[in-house]
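Please read the structure below before turning to the comments.
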Amino acid sequence: DPKEQMVYSSQENIRHWLKARKFVGLMDLYDKNYVRLQQLIPDLMALPSRGVTQVPGLPDLHFEFIEASRFTSSFRLTYLFKYEQEGQTLSIRDPDLTLRVYHDARVVEAMSCQLRGFMPLSPEQLAQVGHLECRWESNLFLQKWLEYLLDSGYLLIPARVTNPLCLPLQTPVEVVG
């Protein structure tokens, strides 16, 4: 059947690009992550500038807009784990991803190739690995994390989001033109 052969050929091409870790394959990953992100956050622009969503028995999922415009939005998505150390309650964000959504292209990119937290890289390691490889690693992680969040029942919609006043993750959102 020509239709089945075309589907098989398309799947083989995707596998080839993913295996070769070429730029074209990375763009395909951005596209697939956008679809997953749309399932997690059906209306990104309806959310408050920052908030938390909860699933019983699982870590709270925090988000915060960094900037929002007609064509792009950037925001952080993280768990915030609290722990005790020497009588003080401290917290660590992990994973702590910065995501950029390109609304017109319908893709999302994990912007996090960072020096600490999830997938820590020193400046020397980043120079050795290269930015394309770092983008692959970050976006493959994003793919797996989005799948986990969806399978676990997380959903970022205004009705399920709380906005804790005591938890500023970063500076207020900058809304651009």
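We count residues from 1, following the sequence as given.
By the 4.0 Å N-to-carboxylate-O rule, Asp96 lies close enough to Arg76 to be salt-bridged with it.
Side chains of Phe75 and Leu47 form no contact here, defined as non-hydrogen atoms less than 4.5 Å apart.
Residues meeting the side-chain contact (heavy atoms from CB on, under 4.5 Å) test with Tyr102, sequence neighbours left out: Thr72, Arg100, Asp104, Ala105, Val107, Glu109. Residues forming a side-chain contact (heavy atoms from CB on, under 4.5 Å) with Asp151 (at least two apart in sequence, or on another chain): none.
The OG1 atom of Thr89 sits 7.5 Å away from the NZ atom of Lys82 when rounded to the nearest 0.5 Å. To the nearest 0.5 angstrom, Leu26 atom CG is 11.5 Å from Asp31 atom CG. Annotation: the span from Leu40 atom CG to Leu156 atom CG amounts to 4.5 Å, rounded to 0.5 Å. Put simply, CG on Leu146 and OH on Tyr34 are 13.0 Å apart, with the number rounded to the nearest 0.5 Å. To the nearest 0.5 Å, atoms CE (Met111) and CD1 (Ile66) are separated by 9.5 Å. One finds the CG atom of Asp43 at 8.5 Å from the CD atom of Gln38 (value rounded to the nearest 0.5 Å).
The main-chain N or O of Asn139 is found under 3.5 Å from a side-chain atom of Asn33 such that the two form a donor-acceptor pair. Listed for the Thr78 side chain is no donor-acceptor partner under 3.5 Å among the backbone atoms of His62.
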Contacts table for residues 53-61: side-chain donor-acceptor under 3.5 angstrom, sequence neighbours left out:
| residue | atom | partner | partner atom | Å |
| --- | --- | --- | --- | --- |
| Thr53 | OG1 | Leu155 | O | 3.1 |
| Thr53 | OG1 | Arg160 | O | 3.3 |
| Gln54 | NE2 | Asp60 | OD2 | 3.4 |

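Across Pro158 and Ala46, no two heavy atoms sit closer than the pair CG-O, 3.6 Å. Of all non-hydrogen atoms in Leu44 and Phe65, the two that sit nearest each other are O-CZ, 3.3 Å. When all heavy atoms are compared, the tightest approach of Ala110 to Ser138 is CB-O, 3.8 Å. Minimum interatomic distance between His103 and Ser69 (heavy atoms only, all atoms of both residues): CD2-O, 4.0 Å. Residues Pro42 and Ile157 come closest through the heavy atom pair CD-CG2, 3.7 Å.
If you look at Tyr83 and Phe81, their ring centroids are not closer than 6.0 Å. For Tyr154 and Trp145, the ring centers sit 6.0 Å or farther from each other.
Linking Ile, Leu, Val, Met, Phe, Trp and Tyr whenever their side-chain heavy atoms come within less than 4.5 Å puts Phe63 and Tyr148 in one cluster. Val35 and Leu99 fall into different hydrophobic clusters, where Ile, Leu, Val, Met, Phe, Trp and Tyr residues are linked whenever their side-chain heavy atoms come under 4.5 Å apart, directly or through other members.
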Checklist entry - Given Phe71 and Val101, is the side-chain contact (heavy atoms from CB on, under 4.5 Å) satisfied, shown in steps? => result CA-CA 8 Å; Phe71 298 108; Val101 177; over 6 Å; no

Next on the checklist: Checking Ser73 against Met45 for the side-chain contact (heavy atoms from CB on, under 4.5 Å) test, could you report, in this order, the C-alpha distance in whole Å, the side-chain angles of both residues, the deciding distance, and whether it holds?
Outcome noted: CA-CA 9 Å; Ser73 297; Met45 301 313 288; 3.5 Å; yes

Item to check | side-chain contact (heavy atoms from CB on, under 4.5 Å) between Arg36 and Glu147, worked out | outcome: CA-CA 7 Å; Arg36 287 178 185 87; Glu147 288 171 1; 3.1 Å; yes

